[in-house]
Amino acid sequence: MSLELAANDGVIPTGHALAQSPLAVRGMTVSYGQTPVVFSVDMTVAEGAMTAIIGPNGAGKSTLLKAALGIVKPLAGQVSVFGKPLAGERHRIAYVPQRASVDWDFPTRVIDVVLMGLYRELGLLRRIRGQHRAKAMACLERVGMVDFADRQIGQLSGGQQQRVFLARALAQEADLYLLDEPFAGVDAATEKAIIDVLKSLKKDGKTVVAVHHDLATVADYFDRVFLINTRKIAEGTVAEAFTPENLDRTYGGRLATGQIDQLDLVAV
Amino acid sequence: MSGAEFVPLSLTPLLIGMFAAVACALPGNFLVLRRQALIGDAISHVVLPGIVVAFLVTGVVAAAPMLLGAAVAAILSVVMIEAIRRLGGIEPGAAMGLTFTTLFAAGVLLLEQSDTSGVHLDVEHALYGNLESLIWLDAIGWQSLVDASALAELPVELFRVAAALVGVCAFLWVFWRPLVLSTFDEGFARTLGVRTGSVGLALVIVAAVAAVAAFDAVGSIIVIAMFICPPAAARLMTNRLNMQLGWSVVFAVLSAVLGYVFAGFGPLWFGFDNAVSAAGMIATVSGVILGLSALFGPCRKRLGAPVV
């Protein structure tokens, strides 16, 4: 089993690649109750690339991200961020949670949510000044939401909420961007706006990892994929790892052959 | 009413009522937003067994051990709620309900079984306090406010609730950002390194301190009402959190003042002879305010139903 997995991994990262990786996860196991959701997963995120985490519902995609970030406590596993322990490198990470994970009725405005991204800069008591607001507005500009700065967040559409979350992540000025289903339930214009921002991040040398659902857009949007169904299935470039065989193993045969054919995958 | 009458008889109960109301309403804003409003209810109920046990252990009705007993009971109840929620796998509301009714009932039993008849410790007092009796007998008028010997005789409850209020304000001021972050988006807050568990626990402890200080003066009815009613009413008035806190303070003060006045004079206006309990009236007024803002507040529509 392990040999087979290794064969599918493509290049196994050397010690050096591991040390440099923006996010390396080793032996990650997380369980809610008795059943493991993520089991003994290794992941090595490639620097400067856009990686999609792909798998069926309940396959542990979000949980893997959350455990890597210390949001949920894993049963076992190690995480290193740019070769160092997570605790000291938090300032280099920006995170976009699932939109539905928060209460959008919370009494706050769009600009205040984006300013939350400056928390590490502002600390407990430093006053919010013009420069901070200007930075937050610039981030809203990048996602096309400047006109909504003073709106209560509950007045936004789903796509607009997602853009605000992305703007907050931009305000963090990180090197590694982790996004949990950024395209879930958003309109086409928002999807385009988000992918444009993510591609511009990549151009600036940032690393992007996103939990992604739409198999049809994987090849357009991402350089690399990480296939998971509780256990890791495969990891590598789209050409290497996003293959019909791997998808079949990831989805346990639940994808119709027609669906896989439609993906127009390059034969390896 | 002249100063000679107002200052000794009504000034201190009014101030204590206002301070207690505001000290509970402020953390109540966060408890309501976190859907933990019932924690206030739980805390104010478990204070009773805490006080009784403190009395049984020390054998005296002294403020320090009783407040300590109440605080320990409050924190114990928080731990119990968490334990029941996790081990039993049931929803937090049910765990809170279970905890505070059980502990309150245990407090009543303890009180009945122990020899507390000779001391000022009873269930009525626990429920609606003794706000009307917290008078300033040494005052002779407004001039007493600058008279050191009269000031020295101010009821100790006044200082206690004032200190609790100052503590609550200081906590909210210093930890505003982590509180807001972990209330709105706990996962994101953790990625920033905010210890959301500790922040939540600190909030509950601060609420417990406010509840214990207020309970001592005004009883648990006001404490429960003030944790929920002014913040809930304030949420319907504005869509911004700092404004919401402002409104909750206004509503808490309004409840305390109107409640005190209505309790003292309202029955007379309707031809009844006796005044009614100020604590009961203050809680009632806060409920009426909540009802009015639910009917007429500008931000009544729930906007943020997640669009999935």
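In what follows, every chain begins at residue 1, and chains take the letters A, B, ... in the order their sequences are listed.
For B/Arg177 (side chain) and A/Gly123 (main-chain N/O), a donor-acceptor pair under 3.5 Å exists by modelled atom type.
If you measure heavy-atom distances from A/Ile128 to chain B, the contacts under 4.5 Å come from both the backbone and the side chain. Interface residue B/Val194: only side-chain heavy atoms are found under 4.5 Å from chain A. When heavy atoms are compared at a cutoff of 4.5 Å, B/Leu33 approaches chain A solely by way of its side chain, counted from C-beta outward.
Using bins of under 30°, 30° to 60° and over 60° for the plane-to-plane angle, the ring pair B/Phe184/A/Phe165 lands in the perpendicular bin.
Between chain B and the options A/Leu125, A/Leu86, A/Val113, heavy-atom pairs under 4.5 Å are most frequent for A/Leu125. Comparing A/Leu122, A/Asp112, A/Leu178, A/Ile93 by how many heavy-atom pairs each has under 4.5 Å with chain B, the most go to A/Leu122.
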Side chain to side chain contact (heavy atoms under 4.5 Å, CB included) between B/Phe188 and A/Ile71, worked out: CA-CA 8 Å; B/Phe188 179 74; A/Ile71 298 173; over 6 Å; no
Worked check of side chain to side chain contact (heavy atoms under 4.5 Å, CB included) between B/Leu241 and A/Thr108: CA-CA 6 Å; B/Leu241 186 54; A/Thr108 191; 5.8 Å; no
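With sequence neighbours excluded, no residue satisfies salt bridge (Lys or Arg N to Asp or Glu O under 4.0 Å) with A/Glu191.
Side-chain contact check for B/Leu192 versus A/Met116: every heavy-atom pair is 4.5 Å or farther apart. Residues A/Phe106 and B/Asp185 are not in side-chain contact: their nearest non-hydrogen atoms beyond the backbone lie 4.5 Å or more apart. The side-chain heavy atoms of A/Asp103 and B/Arg35, taken from C-beta on, include a pair separated by under 4.5 Å. Contact of the A/Pro107 side chain with the B/Arg240 side chain is not registered, since no non-hydrogen atoms from C-beta on lie closer than 4.5 Å.
Dense packing is recorded around CZ of A/Arg120, with more than 12 heavy atoms of other residues, nucleotides or ligands lying under 6.0 Å away.
To the nearest 0.5 Å, atom CD of residue A/Gln152 and atom OG1 of residue B/Thr238 are 9.0 Å apart.
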